[in-house]
Structure formats: structure tokens, C-alpha cells
Amino acid sequence: MIKIEKLHKSYPIGKDSLHVLKGIDLHIKEGEFVSIMGSSGSGKSTLLNIVGLLDIHDQGNYFLNGQLIKNMNEKKAAILRNKFLGFVFQSFNLISYKTALENVALPLYYKGLKRKERLKIALDYLEKVGLKEWANHLPNELSGGQKQRVAIARALVTKPKVVLADEPTGALDSGTTDSVMGLLKDINNEGMTVFVITHEQEVAEQTKRIVHLKDGVIINDFLTKEIKKA
Amino acid sequence: MRFLFDTETWQEIYGSIRKNKLRTGITIIGVLWGIFLLIVLLGATRGLENSFKNAFGNLATNSVFVWTQSTDTPFKGFQKGRSFRLTMNDIDVLKSEYASEIKFLAPRNQTMNLIVRDFKSGSFKVSGDYPILDQIQKKSLTFGRFLNQNDIMSMSKVAVISEEMVKQLFDKEEMPIGQYIKINNINYKVVGVYEPSNTVNFDRDTAYIPFTTFKKVYNSSDKIDWMMITANNGVNIEQLEKDLLLTLKNLHKVHPEDKRAFGSINLGKEIGRLTGFLTGMQFLTWFVGIATLIAGVFAIGNILLITVKERTKEIGIRRAIGATPKSIRQQIILEAVFLTATAGMLGIIFGAFTLYIIDAGFGQGPDAALINPTVNIPIILISCTILIFLGTLIGLIPAHMATIIKPIEALREE
Ligand SMILES: Nc1ncnc2c1ncn2[C@@H]1O[C@H](COP(=O)(O)OP(=O)(O)O)[C@@H](O)[C@H]1O
Ligand SMILES: [Mg+2]
């Protein structure tokens with residue numbers, strides 16, 4: 001599903017450049033549940049953004065669903081994001097003046113679905129994350145955990161191949177963290193590939209594979225106990 | 001085009017407008033004011049033009065009127081301050097010398113007289129005229145006819161009088177045609193009645209009698225009070241006026257530089273002045289209106305730019321979930337067009353309403369200052385098209401700004 005070979009990424013800082021990813025090799029197969037761990041500044045978000053087509057790499061190859069990602073223009077990237085990828089952010093990134101239902105339905109708008117259909121599907125997904133009764137509430141009327149569940153519903157609504165989550169529980173307390181992770185587990189059990197960034201050991205342990213990143217290289221990559229359970 | 005009919009599209013616009021109510025309102029006012037000014041000023045100018053047209057409507061506009069006063073320069077042995085009068089000889093000379101320039105030439109004699117009918121009477125102007133007068137200053141007749149050549153030849157005692165005179169001299173419902181009135185104790189048969197005109201008018205409530213009859217009855221011999229001259233099309237009326245006066249000065253032994261000896265009014269010149277004024281007004285209107293409009297449209301572009309800046313993060317989110325740059329651009333351009341169009345419509349509505357009020361206040365009655373102050377539908381349609389075009393154009397800038405930033409940078413924005 002995701003195949004990365006000798007990937008490099010630097011950020012220009014004035015005249016110099018900051019070498020963040022220094023040759024990453026990573027292969028994530030369909031249906032995997034992977035977490036990336038590493039200290040702050042180790043390049044986790046950078047990697048996820050490249051995988052999510054929000055940013056471009058400098059060197060190496062990246063294959064998404066078998067397709068080589070190269071010379072992407074914004075339009076192609078947008079279509080691929082809409083088709084293959086679902087995003088969950090640490091800060092939820094819901095649109096404040098839209099209701100939960102409208103937020104979830106928005107990706108379907110860009111997919112070109114009719115409004116009725118959009119809202120119907122969106123409501124199904126809200127039900128799936130247990131927030132059907134909250135459909136017509138604005139984000140600021142929801143708790144953090146609820147917001148993140150709305151964001152997950154939004155990430156799922158286009159039936160992506162991969163869900164990318166950058167510290168999805170970073171802004172949540174431990175109770176809601178568990179419910180959000182439970183939801184991601186359920187999604188994964190349905191066969192979706194899930195790729196999570198976290199720096200919490202307990203969160204990472206709930207995934208099936210942990211990749212450790214340090215100073216822009218992978219230092220460790222192993223399967224968790226979780227996989228043996230399944 | 002499909003996106004135009006999607007509720008989401010309009011919800012987006014509504015959402016962004018609602019977030020900036022005050023600022024949106026203020027910017028809309030710019031365009032609104034521009035189109036309002038354009039419509040009201042154009043309408044008012046049109047009204048003014050209409051009333052001018054109305055005022056000169058029945059006058060041949062390339063005309064000049066000439067009469068005598070008294071000299072202000074001694075010449076050929078004459079003292080200054082000498083009075084003299086136009087004569088039939090002048091008419092003949094002018095007619096032959098300017099045969100190709102002059103279309104109509106009407107000598108006129110006028111006096112005030114008591115006009116009596118049975119027990120009713122009134123003091124009115126009496127004018128000795130040729131039928132040609134009707135060509136220079138069109139009379140609209142309610143009954144009967146104007147003077148004709150036959151009246152001139154036979155020196156008939158006939159008169160054409162005004163409706164007001166009929167009202168004062170005749171009983172209600174009485175038919176004046178064929179009846180007799182006494183002017184200076186001589187009976188005249190009424191052959192025509194004319195309507196008052198609300199236009200520039202030199203003889204209100206005048207009894208017109210044949211020139212020849214006047215000459216005989218008032219014993220004016222060859223003397224003439226004044227004359228009306230209409231030039232052929234294409235003749236420079238101002239030049240003709242100068243030439244005529246020079247000829248007349250020569251005939252009457254008046255110094256060529258004498259400024260007072262002859263009085264004259266050149267209708268062509270006066271109307272040219274008014275037309276020039278109107279053209280100026282129109283130009284100013286367009287200038288002010290369009291400048292204001294452009295400023296208004298720029299203001300809208302500016303607010304959209306600010307809005308886009310404020311919504312950078314939101315735009316980043318949208319792009320992360322699959323919005324193409326095109327869809328973002330469309331949205332912003334549509335917003336610009338929507339704002340300009342709304343402002344434009346409001347401006348047109350307020351403008352039309354104001355014109356309606358102006359019409360009610362100043363557009364009615366015979367002496368109306370602004371008759372029918374209106375703006376052509378095509379002008380409105382053209383301004384709307386231009387507005388929508390400008391709206392699109394100005395929307396391109398914020399639309400470009402919204403998509404130039406990479407999604408990842410947009411998301412990082414706080
Ligand atoms: N746009 C950028 N420009 C410059 N430096 C950046 C940019 N984004 C991230 N960095 C730097 O790259 C490094 C890795 O960042 P990031 O991938 O966000 O780390 P993590 O998510 O693991 O905390 C950090 O040192 C960060 O400061
Ligand atoms: Mg990070």
C-alpha cells in the first residue's frame with residue numbers, strides 16, 4: 001500500500017538546509033496498523049505529510065497503492081488524497097461554522113456527490129463513531145473526544161485506503177484516548193490501513209507495528225503483542 | 001457550472017459572509033454607491049435633457065431673431081443714440097443676398113390691444129404674421145387653421161387666438177371658430193385656436209392676424225418690429241448671424257462695430273451651450289460613477305484578500321480532504337461575483353427608487369425641471385455585465401492567493 005525507498009527530505013532554512021529525513025525505507029502493506037514513535041523533532045510529521053501528499057520529498061521513491069508519486073501537481077494530489085487518504089489531526093481541524101454532519105459530508109462534496117447522498121452517508125459514519133445525536137451541533141459544542149471522533153468519521157467517509165493520523169490523541173485525556181484508539185482499531189479490523197503518529201507508549205502499544213524514528217532514520221521496526229492477539 | 005446549483009456552494013458563501021458581517025456590509029456599500037450614483041445621475045441628466053428638448057421642441061433650433069435698438073457709435077454724420085427700424089426692404093435684401101442660407105424669414109409686427117367680444121374683454125398681444133411663422137415656431141391647433149397665404153393676399157380680418165383667450169372671451173362650451181372678436185374696434189373672424197405650449201415662447205396669448213392686415217390697420221407702412229430667421233441645415237448659424245447683422249448695419253448706415261444698434265438672439269448658440277452642458281454632465285456622471293464602481297470593486301477584492309488570509313487554515317483543511325485548487329478558486333471568485341452582483345442589484349434598486357421619487361417630485365406638470373428621469377435598460381444590463389466581469393477579475397487575486405500556498409503550510413497556520 002505504502003512503499004518508501006531511501007526517502008530524503010530537507011527544509012531550507014535561510015541559506016542552509018535542515019536535513020530531516022535521511023534515507024527512510026518503509027513498507028506498509030494493506031490492512032496494517034502502524035504507529036510511528038520518536039521524540040519531538042525527529043521527523044514524524046514530515047514523513048506523514050509526505051505520505052499524505054501534503055508535502056513533497058527531495059530524494060528517493062514513494063509508491064502509493066503501487067503508483068509512483070513523482071511530479072505531482074496540486075490537482076492530481078488533491079484527487080489522490082480524496083480517493084485514497086483520510087486525515088486525522090491532533091487539533092481536529094474541523095470547520096468551525098459547519099455542523100458535525102456538514103464537516104463529515106465535506107469530502108464527499110469534493111468527490112462530487114449530491115447533497116442528499118452526502119448527508120445520508122455522513123450520517124451513517126457519524127452513527128458509526130457514536131455521534132448520530134450530535135449531527136447538528138457545531139464543533140465548539142462538542143468535547144475534545146467527540147471532535148476527534150467527528151474528524152475520524154470525516155476521514156473515513158470517502159472510504160480511503162489509508163487513514164493517516166498525526167498524534168490523534170495528543171490533545172485528549174486518557175479516557176477519550178482509549179475510545180479514539182478503540183475506534184481506529186475497529187477501522188483496522190475492517191481491513192483499512194491505519195498509520196498513526198504518537199509519542200505515547202500506551203497508544204503505540206495498541207497498534208500492530210511500531211516504527212521508531214530518531215534523527216531522521218528508522219532505528220527500530222517491530223510487531224507488537226497486539227498482532228499475536230489477533 | 002454544476003457547483004453553482006449546489007447548496008454547499010452557497011452555504012460556503014453564506015458562512016464566510018456571516019463571519020465578516022460588518023466588513024462585508026461596508027464593502028458592499030462601495031459598489032452599491034457607485035452604481036447608485038451612476039443610475040441617479042444618468043437619470044437626472046436624462047430628465048434635464050428631456051425638459052430641454054421639450055422646451056425647444058417646437059422651435060426650429062438653428063434660428064436667429066433680430067430687432068433694432070439704438071446706435072452706440074456715431075457714423076456717417078449720424079449722432080450716436082439714433083433709433084431706427086427694420087423695413088420690408090431689409091427683408092428683400094436679406095432674402096436675395098442669403099438665398100442659399102436662409103430657409104425661412106418671418107418679419108413680425110406686434111402691439112398690445114384690448115380685445116372685446118360682447119361683454120367680455122381682455123388686453124392681449126396682437127401680432128402681424130406670415131404663415132411661415134408656423135414653420136419656425138410650430139403651433140399646435142385645437143381648432144381650425146393657422147394663417148394662410150390667402151389671408152395675406154386679401155388682407156383678411158381673421159385671427160388665430162389662444163385657448164386662454166377663448167376662455168376669457170367666450171362662454172363655456174361655445175365654439176369660437178367662425179365667431180367675431182373686436183380688436184381695436186375692428187371685427188376679426190376667429191379661424192383658429194392654438195394650445196399654450198410650455199416651451200420657450202416669445203408670444204404667449206397672442207392674437208395672430210395677417211401681416212398685411214396689421215400693416216393696413218395699424219398703419220405701420222414698411223416698418224417691422226423684428227424678424228425670425230431660420231437657416232438651412234448645415235449652415236453655421238453663428239456665422240450667418242454675423243453676416244446678416246453686417247448687411248443690416250450697412251443698409252441702415254450703422255457703424256460695423258456698433259454693439260447696440262441691433263439686438264439678436266441666436267437659438268443655435270443658446271442650445272449649443274445647453275447641449276454642451278448636458279454632454280459635460282453626462283461625461284461627469286460616467287466618470288464619477290465608474291470611478292466609484294471601480295473603487296468599490298477593489299474594496300471587495302481587498303476584503304476577500306483579507307478573508308482568504310484569515311481562512312488560510314480552513315483552506316488547508318479543505319485541501320487535505322480533497323479540495324482541488326480549482327474548486328477553491330471557483331468558490332472565491334463566486335464569492336466576489338456574488339458580492340459585486342448583490343451590491344450592484346441593491347444599487348440599481350435604490351437608484352431606480354430614487355429616480356421614481358425625483359420623478360414624482362420634479363417630473364410632473366408643464367414646468368417640470370426633470371421630465372421622465374430614466375435610465376435605459378441596456379445601460380443597466382451593460383453595467384451589470386461589467387460589474388460581474390470586474391467581480392470575476394478582482395476575485396482572481398484572492399483566489400490565486402488562496403491556492404498559491406502549499407496545503408501543508410496552510411495547515412500549519414494558526
Ligand atoms: N516547514 C518547515 N520548515 C523548516 N523546518 C521545519 C519545517 N517543518 C518541520 N521542520 C523541522 O523539521 C524537524 C522535524 O519536524 P517534524 O517532522 O514536525 O517533527 P515531529 O513531528 O517528529 O515532531 C523539526 O526540527 C522541525 O523544526
Ligand atoms: Mg509532529
Side-chain angles (χ1 to χ4, degrees), chain A residues 9 11 45-46 48-50 52-56 72-99 102-116 118-119 122 138-139 151 153-158 160 164 166, chain B residues 1-24 307-335 396 399-414:
Chain A
K9 173 74 180 176
Y11 289 114
S45 295
T46 304
L48 192 92
N49 290 335
I50 290 171
L53 305 176
L54 291 172
D55 207 349
I56 39 179
M72 272 285 121
N73 66 26
E74 248 316 304
K75 189 183 167 192
K76 275 197 227 156
I79 292 168
L80 284 180
R81 280 198 291 267
N82 191 259
K83 206 165 153 188
F84 291 120
L85 306 171
F87 289 90
V88 178
F89 303 94
Q90 176 175 2
S91 53
F92 324 124
N93 283 349
L94 298 176
I95 293 173
S96 60
Y97 59 88
K98 287 180 177 290
T99 63
E102 286 165 347
N103 265 290
V104 176
L106 197 56
L108 298 174
Y109 168 68
Y110 291 118
K111 209 168 187 148
L113 267 67
K114 291 220 170 59
R115 182 172 170 84
K116 253 195 183 153
R118 292 200 300 262
L119 293 182
L138 290 173
R154 182 178 66 183
L156 296 177
V157 78
T158 52
L164 303 171
D166 193 343
Chain B
M1 272 302 118
R2 187 190 68 91
F3 83 108
L4 276 182
F5 301 103
D6 201 300
T7 341
E8 204 79 21
T9 311
W10 295 102
Q11 262 187 346
E12 309 281 295
I13 288 180
Y14 174 69
S16 91
I17 288 172
R18 201 183 46 179
K19 274 170 95 181
N20 303 292
K21 263 189 228 117
L22 180 66
R23 221 158 39 187
T24 307
T307 315
V308 160
K309 193 105 193 66
E310 279 177 356
R311 292 170 71 191
T312 305
K313 170 107 181 188
E314 182 195 322
I315 290 168
I317 298 171
R318 285 165 182 274
R319 289 173 70 179
I321 61 177
T324 55
K326 188 181 157 202
S327 67
I328 302 270
R329 271 199 298 270
Q330 272 177 347
Q331 187 72 45
I332 291 164
I333 291 171
L334 187 64
E335 206 171 310
L396 285 173
H400 180 69
M401 296 312 276
T403 45
I404 200 171
I405 178 167
K406 283 202 295 185
I408 183 63
E409 280 154 18
L411 277 171
R412 216 175 276 136
E413 195 90 4
E414 266 326 309

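Chain naming here is simple, since letters A, B, ... match the order of the sequence lines and numbering starts at 1 in each.
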Next item on the list: Under 4.5 Å heavy-atom distance to chain B, tell me which part of A:K98 shows up: side chain, backbone, both or neither.
Entry: side chain
Next item on the list: Counting only heavy atoms closer than 4.5 Å, note whether B:R318 contacts chain A via side chain, backbone, both or neither.
Entry: both
Next item on the list: Sort out for me which of A:P160, A:A78, A:G52, A:A105 touches chain B most, counting heavy-atom pairs under 4.5 Å.
Entry: A:A78
Checklist line | Side chain, backbone, both or neither of A:S91 within contact of chain B (heavy atoms, under 4.5 Å) | finding: side chain
Note to self: Quick test of your reading of the model: are B:K406 and A:E74 salt-bridged, counting only N-O distances below 4.0 Å?
What the structure shows: no
Margin query: So for A:N93, is it side chain, backbone, both, or neither that comes closer than 4.5 Å to the heavy atoms of chain B?
Written below: both
Next item on the list: Indicate the atoms forming the closest heavy-atom contact of B:S327 with A:Y110, along with that distance.
Entry: OG-CE2, 3.5 Å
Item checked: Residue of the set A:L54, A:T46, A:I50, A:L53 for which side chain to side chain contact (heavy atoms under 4.5 Å, CB included) holds with B:I408 -> A:L54
Notebook entry, point to check: Above 12 or not: heavy atoms from other molecules or residues under 6.0 Å from OH of B:Y14?
Noted result: no
Item checked: B:K313 side chain reached by A:I95 side chain, heavy atoms, under 4.5 Å -> no
Notebook entry, point to check: What is the distance from atom CZ of A:R81 to atom OG1 of B:T324, rounded to the nearest 0.5 Å?
Noted result: 10.0 Å
Next item on the list: Side-chain contact test, heavy atoms from C-beta onward, threshold under 4.5 Å: evaluate it for A:Y97 versus B:E314 and give yes or no.
Entry: yes
Note to self: Are the side chains of A:N82 and B:I321 in contact, using a 4.5 Å heavy-atom criterion?
What the structure shows: no
Check: Where do A:F89 and B:A320 come nearest, in terms of heavy atoms and distance?
Finding: CZ-CB, 4.0 Å
